[in-house]
Each structure stands twice: as C-alpha cells, then as structure tokens.
Amino acid sequence: MSDDTDLARLRSELRAWLAENAPRGWRAVSNHAAFAEAQRGWFLKLLEGGYAIPHWPAPWPGGGRTLAEQRVIYEELARADTPRLLLSFVSTYHAAATLMECASDAQRARYLPAILKGEFWCQGFSEPGAGSDLAALKCKAVRETRSGGDVYVVSGQKIWSTMAQYADRCLLLVRTASDGPKQAGITFLLMDMKARGVTVRPIEQIQGDEEFCEIFLDEVEVPVADRVGEEGAGWAVAQATLASERGLTLMELSYRMRGALWRVSDLIQAQGKAEDVAVLRAFGALIGRVDSACALADRYLDRRMAGEERVGDASLVKLTYSRVLREYARLGVSIGGLAEQLRAPITFGDLNTGNWMADYMNSYAWTIAGGSDEVQRNIIAERMLEMPREPKGWVA
Amino acid sequence: MSDDTDLARLRSELRAWLAENAPRGWRAVSNHAAFAEAQRGWFLKLLEGGYAIPHWPAPWPGGGRTLAEQRVIYEELARADTPRLLLSFVSTYHAAATLMECASDAQRARYLPAILKGEFWCQGFSEPGAGSDLAALKCKAVRETRSGGDVYVVSGQKIWSTMAQYADRCLLLVRTASDGPKQAGITFLLMDMKARGVTVRPIEQIQGDEEFCEIFLDEVEVPVADRVGEEGAGWAVAQATLASERGLTLMELSYRMRGALWRVSDLIQAQGKAEDVAVLRAFGALIGRVDSACALADRYLDRRMAGEERVGDASLVKLTYSRVLREYARLGVSIGGLAEQLRAPITFGDLNTGNWMADYMNSYAWTIAGGSDEVQRNIIAERMLEMPREPKGWVA
Amino acid sequence: MGGMSIELSELRDAAQKAFPADHLAPPRDTAWGAMAKMGWLMLPLSEDAGGLGLGRAALATIHAEMGRMLSRAPLVPALGVLRALESGEALADRSQWLERLATGEYIAASLDFTDASPGTLRAVPDADMASHVLVTGPGLVALAPTADATLVETRLWDDTRRLFDVTPGASLTVVARGAGAEAITARLREDLMLGIAADALGGAGAVLAMTVDYLRTRRQFERPLAMFQALKHRCADLKTQIEAAEALLLARAVEGARAQDIGAMKALACETFRFTAEEAIQLHGGIGLTQEHACHRFMKRAELNCWLAGSADALNEAAGRAELAG
Amino acid sequence: MGGMSIELSELRDAAQKAFPADHLAPPRDTAWGAMAKMGWLMLPLSEDAGGLGLGRAALATIHAEMGRMLSRAPLVPALGVLRALESGEALADRSQWLERLATGEYIAASLDFTDASPGTLRAVPDADMASHVLVTGPGLVALAPTADATLVETRLWDDTRRLFDVTPGASLTVVARGAGAEAITARLREDLMLGIAADALGGAGAVLAMTVDYLRTRRQFERPLAMFQALKHRCADLKTQIEAAEALLLARAVEGARAQDIGAMKALACETFRFTAEEAIQLHGGIGLTQEHACHRFMKRAELNCWLAGSADALNEAAGRAELAG
C-alpha cells in the first residue's frame, strides 16, 4: 500500500527531523534514574517536534493525526531505532484517554497540561491476589472527611506497575463496595504518588531489571475531586480506556522486532553457522512469523480505521506478538549456545537487544502481563469462535 | 538388565522356533479375507508352538508365563518381524480376561476352548453418540421370553469394532436400565455375531482401510445364559478387563517402532539427505523419543511385576506411544517430500510400514481410539497430579 | 478476509455464491465452465487486453475461496500462465492466445519447484484437460502441446487434485527468451506460491470452522465438547495462526513483493493449514477418521500443498539466506 | 523414580533427607562437606578400592536428587573424574589419589564438549575449589594442578552454578595414555552426559511439582487455577514427557550403553527440562517473573544444562548419523 501524498510528506518530514534529533547511544544507559531522565528528555523533544502525541485530538500540539498518520509516525520512530516512550506510555495513552473520555473539565484542565510537561503516570490496577481476574481486586477505599477535606482513605496493595518508582501520579482502581457483583463496587481514582502512605517497592525481576513495582497503600488520602466518574463506575471507566493503545503499540513493537532481525543474522555469522541448513530454515521460518505479526498488527489498524474492528481482534494481535517474540528470543538463545548462558548487561526499555537470554526472559512480560496468553485464548474462543464461556460456577 | 537363565533359555528356544516358523511375506496380503485367514493360521501356529497365550494361566497350552517371560516373547516376536495378532487380540485378552475373572463355569467351559480353536471376537463398547463418554451408551436390551427361551432383545448401534466383519462373537455392553447413574444400567453380554438382526458395516477409513466397523443390532436375541455378571453390573465387568493388555501391547508396538527405524534410514539415503544436518538432528531426536517410549513401556511392566503400578501409569504409556507414533510418521512424510503424497498400497495390521502417509493416518487410531489423548491427559492430571476433576455440572 | 476493498468483497461473495461451502469439491469440468463464464479466467488480464485488470490481491482472494471449497479446477496454474503469456514478448498471436485462455482453454504448468527431472515436468495439474503445458528453462519460456506429449497420471492421496508427469514432444511455441523469460519464470513462481498459499489458508479457515461447529454440536459427558477449555484453547491457537498467516498473505499479494518474502509466507501458510487439518482430525475424534467426513480431504490437500510450489525447507532456507546476505 | 532397587531407594531417601526440597541451593561448601561425609564421593568406586561399588544407576539417582534441590556442589564432574582416575593405569599412587577424592578433594573437568579452544578448558565447574583439573587430549589423560593454572570465572545467568575457563600450566600428572586414555575420555563423557541428564530430570520433576502446587492453591475467577482444563492438559503433557525421559535415563544408566544412545537421551532430558521450566514460568503468571520465586532458578539451570556435556543439535546429529551408518 503506497502512502498518499500527505502521508508521504509526513514521512519525509519526520525522517528529516529524526536525522537531526534522534537520540544516540541510549542503549548504554545503565541505571534507571538516568533512563527515566532520558525518557523524559526524548518525550519533550518529540513533543517539540510535534510527534509525541499524534493520537491526541487537535489542538493539542501535534495532535489530531489520523490513524494512518500515527502509523507512519510509529513506523518511522521504530525504523530510526529511537527509544520507545516506555515511561510516557500510561500518561499519554491510558491517562489521557481516561481524562478525555470520562473525566470532569476541572480534571482535564489540571492533568492534561501536566502530562505535557513530562509527568509520568503509572497504573494501579493489578493486585497480588487477583491475577488475571482483575475485577477481584480488594484494595479498599472508604469515603471520609479528613484533614479538613472530602477524601477516600485507601489501603491495600497493587502490583506490576511499570516504573512506578518514577511516576508522579497513578491511575488507581479501588473497591468502594464489596456486596453485589464484583465489578460494581470498583471506583476509579487519580492518586498522587507523593501522597503520604504510598510506598513503592521495585520487584527484582528474573533478568535483573526492576521495571515492575509493588505499590503499598496505607491510609492514603485521595481527594474525592480526583475520582473519575461516579463511585462504583470505575470498572466501566477502566474498560473504556484499557485497549486504547493496543494496535499502535503492537504495530510499533512488531516492526521493531522486524527491524532487529539483523541481530539474528549477526549471531549466525558470528557463530559460523551461515551454512547450517537447520539454522537457515529456522531463521527463514522466524522471518515469516515476524512478518506475519507485523502484517496482523497492520491489518488490525486497517480494520480500526475502517470501523470494522471485531471483538477479539486485539487478542489475536497480542497473542501473535507475544508468541513470535518468544520464538525470536528462543532462536537467538539456541543459535548462540553456551555463550548466551553467560550473563551480560541488560538494556532498559528494549525487547530485542541481542542479549538473547535477557530478551527471552523479557518476552514473558508479553505472554503474561496485560492479559495473559491464556486469557487471550479464552477471548478468541468465546468471542470470535463463539464457543461457550467458562462457567460461572460448577457442580463437583 | 540381563535375562536370568530361564529367560535366556526361553529366548533362545523362541528364536530357534521363529527361525523355522515365522511367516514370510505377510505384508503383501492385499485383501481382508486373506489377511483374516493368515491371522488365524499364525495364531494356531503360535498356539502349537506354545507362544500364543503366554498370559493365560496354566494349564492352558503355553500359559502360566510370568510377566517377564511374556515380555521376552513379545520382544522376540516383534524382533522377528512377525505379524501382530490383531484379530486374536480381543479374544485372547479382553474376552479371556472377562471369562476368567467374571464369567460362570459354564461360560468358561464353552467359550475358552472355542477361542483356542481360532474364534475371533470383537468388542461392542463404543457408540456413535457416546464417543469418549463410554458410559453414555444407549444400545438397549429388554429381557423377554422369545423363541421359547429367556433372552435379551437388543437394538441399537455400535461403532469402532475392529474387524467385526470377521468376528464370531462380540463382547457387548448394553443398557438394561435408564434411570439412576448411567454406569449402573449397563449389562455385559456375549453375542453371537451370526445371530439374526446383526448387521456389520465396515467403515471406510481415510487411509483406505476398513479395519473398523459399525454394528447394527435390530432385535437381536441374546440368551440370558450369555450374560456375564449380574444385570446392571456390566460397567464393572468391562472396567476390570479393559486395561488387561495395555502394558504388553504397547511394549510390543514400541519395540516394533524401534525395529522399524531402518525405514527412516532408508528413506534418508534414498532422498540423498544423509548430509542434511536438519534431517539428521530430527532423526536423532526421533530416536530418543522412540527409545523413551520403549523404556516407558518397559518400566510400566516392571512396575506391574513389582506390584507398584500407579493409577495413571497406563495413560502415560498410551499417550507417549501415540505421540511418538505420530512423530515417527510425520518425520517420514516430511523427509519423503512430494513422493509421499502419491498414493501407494497399504499394509494390513502394521503401523510402521514405510508408506508414510498411510502410517500417519493410521497413527490417529492411537491418538483417538481406546481413550483419546485428551482423555489420557485428564486421567494424568486428575489421578497422578491430583488436580481437580472435571466438574459434573456447571452454572452458566 | 477483512479490510478488503469493495471489489474484492464482491469477488469473494460471487465465489461463495457460485461454490457454496456445503457442496465441496464439485466436478472439475462443470466448475471450470462456470469459472470461465464468470470471467475468472481473465481476472488478472489487463483491461486493455479485455480483462478485469485485478492484481495479486484478487488472485489471493479467489484462490482462498477455491481452497475453502476444495476446488478441483486448476485455477492456480491457469491464472499464472495467463499472466506469463500476457508478458510473453516473443509469443506470436498473443492476443488470440489470451482470448482463448480467457474463454476456457487451459494451459498447464508444473508445480514442482525441485527441478529434479530434466525432460519431464512433474506435478502438472490436470494435464489431461490442457491444450499445452508451459515449459520454462534457462532463458526460455515456451508452450508444448499436450497432444504431442506423454502424460502419466500419478495417483494421489488428495482426491481433489489430479497431477501428471508430462514429457513434452519436440514442438515448442516460444513465449519469451532471455531476460524476459527469466522475469516471466520468476513471476510465475511467485504467482504459484501465492496461489497455493491462498488455497491453503482458505482450506485452513474452512476446516477450523467445520471443527468448531462440530465441537459446539457434539455433546459428551453431558455438555458440548466446546465447553472443554483445553479444546477451546487449541481452537483459539489455530484461529490466531490462521489470521496471522492470512494477514501476511494479503501483505505479500502485491506486485513487487520479494520472492524470498513470498516464499516464507507460502511456507507459513501451508504449515498453518497442515497443522490445522491435523488438529481438526484429532478434535473430530473417530468421525474424522472416516471417508464419509470431509475432514480428511482437507488434511490430504493440506499435506499436498506443502510440496507444491516449493517446500517449507527450501523456501525457509532461501529466506534465511537472503536475510543473511541482505 | 519407580521400579528401583532397595539400594537406590535408600540412596534417594538419604539424599532427600540430607537436602530437603524446601531448602533449595544450599551453600556449596557445606553441602560438599556433607556429601563427603555421607560417602557420596566414593559412590561408584569399586568395593575393593573402599567404595560403595554402585554403578551408573546410582549416579543417575543421586544426580537427579541434586537437580531437584538445585545443588551448587560439583558432584557430576567429581564422580566422573573419580571413575576416570580409578581406570587410570598410568597414574602413580592411584590408591592415594582415590582416597583423597573420596574424602573431599575435588578434581574438576570441562563440561564443554565443543573443543573450540585448544589450550583453555571452558566450562569447568567450581575450579576455585579444585586441586586439579582433568585434561583430556588425543591419547592422553592427565591432571593439571590449578595452583599452576589461570582461572577466569564466567558470570552466568544460572546462579546455582559457577563455571571457569581454565588455562593449565606446564606441569601434568599422567593418568592414562593411548587406548586406555581414549576409553577413559569416552566413558567420562558418557558419565557427564548421564549426570547432566539426571540433573535435568530431577529439576524438571521439581519445577513441575512446584507448578502443580501453585495451580492447586492459587484461585482466580472463584476457583483454583488447577480446575481450568487447558492448564491441566499442559501439566499432564509435561508429566508424560518427564516420565518418558526418566524411563529412558534409567535404561541408559548402565555400563555398555552406546555413546550415541546416551547422547540422544541427554538431548531429550535437557529439552524436557527446558520446556517444563518454560511452561512453569508461564503457568506461574507474574510471580514466576520475580527473583523471589524459585521458578526462574530452575529455568536458568535448565537452559545452561542444554549446553553442558553436549548440545541437543550435536548429540542428535551424532545419533542420527550412527543410526544411518548402523
């Protein structure tokens, strides 16, 4: 599909801008604080260029782009090997969508400009006891008058919050009622991460990173003014915005994986396996799989643009990407042999780094987080193939 | 493990006997009638030699062998590439076990000698409507006085009866009561396949064989004297004998597959792929898998001999054999390429024939029949790993 | 297939109307006549030459529909040859040839890419109904009349296809020479890979749909089989693999796609069909092992597709080498 | 492991008592001391030489137990070397050497079978605690003192193992020469393959048990995860693969098994562990991605095991060639 004239112009303008502005050497960053600063810097630079929030409506700076334009922007950012905006992800997608679609004017006026100043947000949805059953959350909020204000007093624990240690604010789901259907007692709050009673503990991950955090909440006071939607309407607010980014994110990540196939080529050459037909066939099969992940993400966006998205389409894209990412990493591990078992430094914020064991371990984040592969399979079976839903209860 | 002296003597006697008596050219048989005759001839010859029914008790001719001796006999029969006793399988295993363990003296006196004269039996357990849920069978038997005798009048349909078109008699499960638990209304009959109202229709299978049959029963009169156990006790009778042969059968079949690895070697040579490392690696991996199926069957027999069989052990053996058989056939199909897609004549009664597509299709009989892979997985998960049973009912 | 143009949806709808899914593998010759009548034999022909001017996306669409209903008609080689002749600079009376093809004359081509047998063309579909067979060689593309050739039919497991070994006689009609011939040969191979890949994914979709229907209908242990989560997850995995391969097929069904990329796509598509059909038989249980049920016909077609227009091993190896070199 | 002799069950029970499953990866040096005390360092030594005279079946049993509890102690090379020295015809003071080993002195050997680096031995476990390292070469087996060697530790993902690159100095103590050396080298490799395979299957059993426990305990959607059939079937498949590989391990843990058969078994065992650990992390969900949970330690050990004592590619290729030639 060839770009029409406007898209072609956008593409060439962006390429020229990237030639000037794309950050170099960002993979060498070796601590999170520096990584967070670099992320903020690149976000602000992109914003200045008009490419940071193409999915926001006009007249936000650089907003009002069509989906086709957004795709061009993400393709070019991936192609130029610029860092993913990992730390602005929640603020510019989920927080922004929540604010724009469900929040009050006062909330919008306060928080959207702050996001554009480089505020990082995190998500406080998952809980240790709930897992894939998100609606089973237990983090409790009681409405009281305290410190002279009308507040929710929140106590409980959240988990799998990406880079929460650097977040300024949190999209928080809490339980305000425990009778009735579990979804109905959930309320959506915007929480200041600097508030008293908030403790963040980074989780040491198996590849040695600490990208995910636990958040402990001990009688944290969140003003009622920071509630989005009505009390008990939090589940609907979360659902409305949860998948807001999926297509573009996975398109970007798929193309990044495609763009990183040279790492496999390099590895094959370095291992002297360029004439090993088994390796060549496995590589060829991987290329087909990676290309299919790209094509599927593209088709998903096409459907969305055409208003033809089907329930379950996002699950197909997520499940495909997560499986292919695993296959990509595994091929590297198996070609590299013993040398890959030696522990090498990791790269923050990238999934295809050529540190194959680290990439392999990172790939689990995609098969488990954000709706595990198992949950996606249920959705596909039940919503696309119209097979019966999992029963609500059973008779032993 | 080396044979002790008795086993070693048995082995060498049998080898000498086989050198004289093993049939030649049995794979060339091209119709079922001739195959059935050849099967009967080989059974009677083995019986004469004292090797046909080693698992029967003494003083039956050649009976009273230990499990270790039986293993030696099956190993040697497989090694000498003699035909499996496909048509005597039900008569010498299931029918014999049923008669010996659950039948009346009169039934034993009548039917066991007939089996040794070469009667073929078939099994009438499965039904089109029941599938893996064997106990859901519907074939109906009503007790009446007819033709001057006390009989069950049986109407219904059975399916997947191996070579029923050549069977003299049938182990039949019928429903004599439809209230209460489904297992409780089942009765076990011995049915004459020549009786009026019995119609056998061979099922044309996907590889072109007609090994399986449907049996249609239209008011067939089965004397009450041919009922095994009490009315309504049929499920227990069937369960007692269903797995009577599993260990030895799968040991024999696993070693037959091991013994047929030369077919893969020949194919690799014929296709000029002896230096294709991908093919060599796949072949090596298959060898490991086939050997593991043999070792697992062996270990299962060891456990039985030692009285240490665990619930689920038979499922491990069946599931392993069925998967490895599939892998064996698939490797042949993939090495052979386009040539394997040309339809070649099939061999009756053998699973590793070198007609790779036919072998592939035949392998489904092992992943589906006799407790599908899916049923085996349930058994292993629930009985060995102590995971919860499938619920009996559910709430939508 | 989703996200397709109106033109392509119309083509797909017409195909589904002409060849409904409940009437699998209709007789070849009547199907062929119907295809000619509907103008499919000139689908890719340029509008100047009297055709519909539809490109590879249309070919992928129509071949997928043919796979879905187990078509016996040799549309994949027919349309590939049509495009080859249209580019045949050295072909005398080219427009007459194209007109003959567009109205029902069939010219066959080999689907065996291994080149193992000089002199004899292997795996030529439906050579019995072909007037000629297209012969490709170094710097030469030509037509050999079947009247003048030896045809030996090979008996296949797949009962929806007929393949022949064809040994042409001496008389040849030149279609192209030199670089033109090389280009035609290369494009023909791409068209054949795309055609078989589309056929495979149409078949995969059909056999999965058939399986899901069966699981929804068939009850065991007092519930539909489709309630068992282990079976649901296997179906979901098949659906995902098919959708991803379909998306790639459409992405590659364009002029200018690189041969190695089309090849890797073809390998993926055919493996997807093969695995789907294997799972379909297992999920059907005993009924899937009977000739009566259509499951095995998809399986056999899937297995054959793996070897037509290039094997996965050969195509993946080529894709791997190209990426290494690139 | 089932069907095992009383002697082996006693050995297994003693190992489980000394190293309980709830105390994974105990400190290497104290574990090593305990092993010496329990007489494990002379398990395979003939009774004449003061050992227990237990054969390869005992080695498989003990190494499986060590895999189960993620042992840090280098028992696999230690026992292989013990057997090598016992057969070392040219080794002066052989009985003293054996006594030293039996009471706790450690001699290391390389677990890298690729022979890529003449002069330097790769993947030598725990060379820091070794007095010597066994050097094998054409027609020669010898001991090189580590005091005289350069040791470079390689940092591993697997935090339960320590591997070193060792460059020996000039001084060597000859163990065997000529055909004797070849036989010792061959048997040592077999022992190492058996040891790593047993370690792998012990680990696979442990990580599966841990996973099943987790699924039985953890509730989601108002039921234990273990009620979901899709997860049950995956666990059942893992159990089946582990049991089959274990049966093959025991069948190969005999003197006289052919090297290619041991190799194919080792490849199967290690792939079984690798896949089990991969599934275990997935089935544990988020908790499996944390350093706190033991799942990842099994996974990293599984990955490393794939490359110690021969890779699946190399071993399977050799098994395939041997069968073709045979």
Side-chain angles (χ1 to χ4, degrees), chain B residues 126 128-136 159-160 182 203-212 214 272-273 276 278-279 322 326 330 333-345 355-358 360-362 364-365 367-369 372-375 377-378 381 390-394 396, chain C residues 111-114 116 122-123 153-159 161 163 165 218-223 225 227-231 234 271 274-275 278-279 281-297 299-314 316-317:
Chain B
S126 299
S132 291
D133 186 9
L134 196 56
I159 197 167
W160 311 126
K182 60 188 177 183
I203 297 170
E204 207 185 334
Q205 288 161 248
I206 61 179
Q207 80 278 36
D209 201 350
E210 297 186 338
E211 186 179 313
F212 300 130
E214 284 179 290
K273 292 184 176 170
D276 183 316
V279 168
S322 71
R326 175 72 42 82
R330 282 234 55 82
V333 168
S334 78
I335 295 172
L338 186 57
E340 296 308 322
Q341 298 306 315
L342 309 188
R343 186 167 186 157
N355 179 343
W356 298 98
M357 272 292 284
Y360 171 62
M361 289 184 258
N362 249 328
Y364 280 101
T367 56
I368 291 174
S372 68
D373 283 2
E374 290 71 25
V375 168
R377 289 190 190 107
N378 271 348
E390 289 299 303
K392 286 214 170 61
W394 67 93
Chain C
L111 292 178
D112 180 6
F113 284 14
T114 59
R122 307 271 178 206
E153 181 162 9
T154 51
R155 199 165 163 244
L156 298 170
W157 285 107
D158 177 7
D159 70 358
R161 257 60 172 272
L163 294 181
D165 291 343
R218 171 82 164 168
R219 295 178 69 87
Q220 277 181 213
F221 304 101
E222 288 93 45
R223 72 208 66 179
L225 285 175
M227 273 196 76
F228 288 104
Q229 198 197 32
L231 310 186
R234 284 159 72 177
E271 172 55 20
R274 190 201 71 67
F275 182 64
E278 175 166 316
E279 283 281 90
I281 289 186
Q282 182 69 25
L283 292 167
H284 271 82
I287 192 76
L289 298 183
T290 65
Q291 283 280 351
E292 273 170 47
H293 196 279
C295 227
H296 74 102
R297 307 179 80 180
M299 181 272 280
K300 290 167 183 168
R301 192 167 171 118
E303 295 283 343
L304 182 57
N305 277 1
C306 289
W307 307 101
L308 300 181
S311 70
D313 278 357
N316 282 333
E317 193 177 320

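In what follows, every heavy atom counts, from backbone to side chain, and hydrogens, waters and symmetry copies are set aside. Chain identifiers are assigned alphabetically (A, B, ...) following the order of the sequence lines, protein sequences preceding nucleic acid strands; residue numbering begins at 1 within each chain. Computed from a predicted structure; not experimentally measured.
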Item checked: chain C contacts, top residue of Ile206(B), Val333(B), Leu338(B), Asn378(B) (heavy-atom pairs, under 4.5 Å) -> Ile206(B)
Next item on the list: Go through the atoms of Lys392(B) and report whether side chain, backbone, both or neither lie under 4.5 Å from a heavy atom of chain C.
Entry: backbone
Next item on the list: Tell me, yes or no, whether the heavy-atom count around Glu292(C) atom CD, taken from other residues, nucleotides or ligands under 6.0 Å, exceeds 12.
Entry: no
Margin query: Check this for me, if you would: do Glu303(C) and Lys300(C) make a salt bridge, where the nitrogen-to-carboxylate-oxygen distance has to be below 4.0 angstrom?
Written below: no
Margin query: Please rank Gly393(B), Ala369(B), Gly208(B), Ala130(B) by heavy-atom pairs under 4.5 Å with chain C and give me the top one.
Written below: Ala130(B)
Margin query: If we define contacts as heavy-atom pairs under 4.5 Å, which of Leu225(C), Leu163(C), Leu156(C) has the most with chain B?
Written below: Leu156(C)
Check: Which heavy-atom pair separates Ser132(B) from Ser372(B) by the least distance, and what is that distance?
Finding: OG-OG, 3.7 Å
Next item on the list: With a 4.5 angstrom heavy-atom cut-off, could you sort out which part of Ile203(B) is near chain C: side chain, backbone, both or neither?
Entry: side chain
Checklist line | Spatial distance of atom OG1 (Thr367(B)) from atom CD (Glu278(C)) [nearest 0.5 Å] | finding: 8.5 Å
Margin query: Less than 4.5 Å to any heavy atom of chain B: does that hold for the side chain of Arg274(C), its backbone, both, or neither?
Written below: side chain
Next item on the list: Could you have a look at Pro128(B), Gly129(B), Gly337(B), Ala136(B) and say which one has the most heavy-atom pairs with chain C under 4.5 angstrom?
Entry: Gly337(B)
Next item on the list: Specify the closest pair of heavy atoms between Ile281(C) and Gly288(C), including all atoms of both residues, with the distance to one decimal.
Entry: CG2-O, 4.0 Å
Check: Is it the backbone or the side chain of Ala135(B) that comes under 4.5 Å from a heavy atom of chain C, or both, or neither?
Finding: neither
Notebook entry, point to check: So how far is it from Arg234(C) CZ to Leu283(C) CG, rounded to the nearest 0.5 Å?
Noted result: 4.5 Å
Checklist line | Glu390(B) side chain near Phe228(C) side chain, heavy-atom distance below 4.5 Å | finding: yes
Next item on the list: Determine whether Trp157(C) and Met361(B) make a side-chain contact, defined as any pair of heavy atoms from C-beta on separated by less than 4.5 Å.
Entry: yes
Next item on the list: Measure across Gln207(B) and Arg343(B) and return the closest heavy-atom pair with its distance rounded to 0.1 Å.
Entry: O-NH2, 3.8 Å
Item checked: CG on Leu289(C) to CD1 on Ile368(B), rounded to 0.5 Å -> 4.0 Å
Notebook entry, point to check: Among Met299(C), Arg219(C), Gln220(C), Arg297(C), which residue forms the greatest number of heavy-atom pairs with chain B at distances under 4.5 Å?
Noted result: Gln220(C)
Margin query: What part of Asn362(B) gets within 4.5 angstrom of chain C, counting heavy atoms only: side chain, backbone, both, or neither?
Written below: neither
Item checked: Residue among Tyr364(B), Phe212(B), Trp160(B), Tyr360(B) with most heavy-atom pairs under 4.5 Å to chain C -> Tyr364(B)
Item checked: Top contributor to chain B interface from Gln282(C), His296(C), Met227(C) [non-hydrogen pairs under 4.5 Å] -> Gln282(C)
Check: Which bit of Arg161(C) is near chain B, if near means a heavy-atom gap under 4.5 Å: side chain, backbone, both or neither?
Finding: neither
Checklist line | Residue part contacting chain C, namely of Ala278(B), when any heavy atom lies under 4.5 Å | finding: neither
Item checked: Cys295(C) versus His284(C), closest heavy-atom pair with distance -> SG-ND1, 3.4 Å
Note to self: Can you tell me which portion of Asp373(B) sits under 4.5 Å from chain C's heavy atoms? Options are side chain, backbone, both or neither.
What the structure shows: both
Checklist line | Which atoms of Ala123(C) approach chain B - backbone, side chain, both or neither, heavy atom under 4.5 Å | finding: side chain
Next item on the list: Can you tell which part of Ser311(C) gets under 4.5 Å to a heavy atom of chain B, answering side chain, backbone, both or neither?
Entry: neither
